[in-house]
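Data block below; observations after.
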Amino acid sequence: MSLLSQLLAIACVIGFFAAIFYVLFGQITVRKLRKNSKTKDKLGFEYVSGWDIINVAQSLSIPRKLSKKLENTPLSFLYANSELLHDQTNLSDRILAAIFYWLLTISGVMMIFLAIADTLGFFDS
């Protein structure tokens, strides 16, 4: 098995676990937030069905300073309201969000870098 295949397999395994945590986070936390009248319209813009799960996870996972900066831009409607979400979630929700969001981000970035590196010939022997 080549190095590229091994690294891609690692990225896929991480992505598989991200998919599992996506479903868990959506069913446990975001479902509760969608039913809450305070948070229902504050989950960010939904490009496709389920995108609000990623918005909420991002809002709960990245540093609050960065969330505040994103919410004060002209594109603020794209992002979930981090202050409100922090008030409406507990520590286990935020841990689940962080696990899901960072697994998703790491697997996606790994796959992009592997595709670029392969295109540039880093894995040619």
Side-chain angles (χ1 to χ4, degrees):
M1 213 157 128
S2 69
L3 178 61
L4 175 64
S5 297
Q6 291 174 347
L7 292 173
L8 189 59
I10 291 169
C12 288
V13 168
I14 293 171
F16 175 74
F17 283 109
I20 292 170
F21 279 100
Y22 174 82
V23 172
L24 288 173
F25 182 67
Q27 291 297 313
I28 293 170
T29 303
V30 178
R31 179 187 237 180
K32 173 177 58 175
L33 295 171
R34 285 179 184 149
K35 290 180 181 179
N36 187 337
S37 61
K38 291 180 195 172
T39 58
K40 184 167 67 171
D41 298 324
K42 305 291 183 188
L43 302 180
F45 185 73
E46 193 168 4
Y47 300 107
V48 292
S49 180
W51 196 270
D52 56 343
I53 297 171
I54 298 170
N55 284 339
V56 171
Q58 178 189 29
S59 177
L60 295 174
S61 300
I62 63 175
R64 289 177 109 173
K65 259 187 170 178
L66 182 57
S67 289
K68 287 292 180 197
K69 281 188 177 183
L70 292 173
E71 291 168 15
N72 292 326
T73 65
L75 298 175
S76 62
F77 67 93
L78 297 174
Y79 303 101
N81 185 327
S82 64
E83 193 66 38
L84 181 62
L85 293 179
H86 275 276
D87 292 340
Q88 298 294 321
T89 56
N90 56 33
L91 181 61
S92 63
D93 292 332
R94 290 190 288 269
I95 291 171
L96 188 59
I99 292 170
F100 158 62
Y101 181 73
W102 291 114
L103 284 176
L104 180 70
T105 302
I106 289 167
S107 69
V109 169
M110 278 181 72
M111 288 182 195
I112 290 168
F113 280 135
L114 287 171
I116 291 170
D118 187 44
T119 301
L120 295 175
F122 284 104
F123 295 106
D124 293 339
S125 18

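- I10 and I106 fall within the same hydrophobic cluster, defined by Ile, Leu, Val, Met, Phe, Trp and Tyr side-chain heavy atoms under 4.5 Å apart, directly or through other members.
- Atom CG of residue L60 and atom CG of residue L96 lie 10.0 Å apart, to the nearest 0.5 angstrom.
- Residue D52 holds its CG atom at 12.0 Å from OG of S59, rounded to the nearest 0.5 Å.
- Judged by distance alone, the side chain of T39 and the main-chain N or O of L33 form a donor-acceptor pair under 3.5 Å.
- The closest side-chain heavy-atom distance from M1 to Q6 is below 4.5 Å.
- Separation of atoms CG (L43) and OH (Y79) is listed at 15.5 Å; rounding is to 0.5 Å.
- Residues F100 and A18 approach most closely at CD1-O, 3.4 Å, considering heavy atoms.
- In this structure, CG on D87 lies 9.0 Å from CG on N81, to the nearest 0.5 angstrom.
- R94 contributes a side-chain N or O that, together with a main-chain N or O of H86, makes up a donor-acceptor pair within less than 3.5 Å.
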Show the numbers, then the answer: is there a side chain to side chain contact (heavy atoms under 4.5 Å, CB included) between D118 and F122?
CA-CA 6 Å; D118 187 44; F122 284 104; over 6 Å; no
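- For the pair S107 (side chain) and L103 (backbone), a donor-acceptor distance under 3.5 Å is present.
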Donor-acceptor pairs under 3.5 Å, side chain of residues 19-31 to any protein atom, not counting sequence neighbours: which ones?
residue, atom, partner, partner atom, Å
Y22, OH, G50, O, 3.2
Q27, OE1, R31, NH1, 3.3
T29, OG1, D93, OD1, 2.9

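- In the hydrophobic cluster analysis, where Ile, Leu, Val, Met, Phe, Trp and Tyr join through side-chain heavy atoms closer than 4.5 angstrom, V13 is grouped apart from V109.
- When every heavy atom of A11 is checked against every heavy atom of M111, the shortest pair comes out as O-CE, 3.6 Å.
- In this structure, L104 CG and I99 CD1 are separated by 13.5 Å, a value rounded to the nearest 0.5 Å.
- For the ring pair (Phe, Tyr, Trp, His ring centres under 6.0 Å) test, no residue two or more places apart in sequence or in another chain qualifies with W102.
- For K68, the salt bridge (Lys or Arg N to Asp or Glu O under 4.0 Å) criterion is met by E83, not counting sequence neighbours.
- A donor-acceptor pair is defined here as one N or O able to donate and one able to accept, closer than 3.5 Å; no such pair exists between the side chain of S61 and the backbone of Q58.
- Environment of NZ in K32: crowded, with over 12 heavy atoms of neighbouring residues, nucleotides or ligands closer than 6.0 Å.
- Note: the hydrophobic cluster containing L70 does not contain L84 (ILVMFWY, side chain heavy atoms under 4.5 Å, direct or indirect links).
- No hydrogens or angles considered: a donor-acceptor pair under 3.5 Å links the side chains of S5 and S2.
- One distance of note links CG of L85 with NZ of K42; it measures 10.5 Å at 0.5 Å rounding.
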